Amino acid sequence: MTTTPFPTTPQRREPPRLAIPVTEAEEAVLAALRELQYGSVEVVVHSARIVQITRSQKLRVDGR
């Protein structure tokens, strides 16, 4: 009789690295997305350049 071990939780892996270089502005967009749990990220672009990043975050409050 063969026993199967209990399934283990998958370990968190690092996100894959992009093959193309990422600018400082693009890194800022990615950081804004990673830090956000609920909300939105708005990116304003002029002449193919990121000029503004706005992050709106919603905070969930338990109203008991």
Side-chain angles (χ1 to χ4, degrees):
M1 183 158 117
T2 307
T3 60
T4 308
F6 290 104
T8 59
T9 3
Q11 292 183 355
R12 186 172 180 167
R13 290 191 262 164
E14 287 292 319
R17 296 288 173 201
L18 299 176
I20 57 174
V22 178
T23 67
E24 186 177 333
E26 292 166 335
E27 277 291 335
V29 172
L30 293 172
L33 289 169
R34 286 186 187 116
E35 296 167 5
L36 191 64
Q37 199 167 29
Y38 299 99
S40 62
V41 174
E42 178 184 1
V43 180
V44 178
V45 178
H46 287 278
S47 300
R49 296 184 66 211
I50 297 172
V51 295
Q52 181 177 329
I53 301 166
T54 305
R55 183 179 71 185
S56 299
Q57 184 171 350
K58 293 183 178 189
L59 299 175
R60 306 278 170 135
V61 179
D62 187 11
R64 287 188 221 175

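The structure displayed is predicted, hence computed values, not measured ones.
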Counting only pairs under 3.5 Å, give me each side-chain donor-acceptor contact of residues 25-32, with atom names and distances, residues two or more places apart or in other chains.
{"residue": "Glu26", "atom": "OE1", "partner": "Thr23", "partner atom": "N", "Å": "2.8"}
{"residue": "Glu26", "atom": "OE1", "partner": "Thr23", "partner atom": "OG1", "Å": "3.3"}

N/O donor to acceptor pairs below 3.5 angstrom from side-chain atoms of residues 40-53, sequence neighbours left out:
{"residue": "Gln52", "atom": "NE2", "partner": "Thr54", "partner atom": "OG1", "Å": "3.1"}

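- Clustering of Ile, Leu, Val, Met, Phe, Trp and Tyr side chains at separations under 4.5 Å leaves Tyr38 isolated, with no partner residue.
- Counting heavy atoms from C-beta outward, Glu35 and Arg55 have side chains that approach closer than 4.5 Å.
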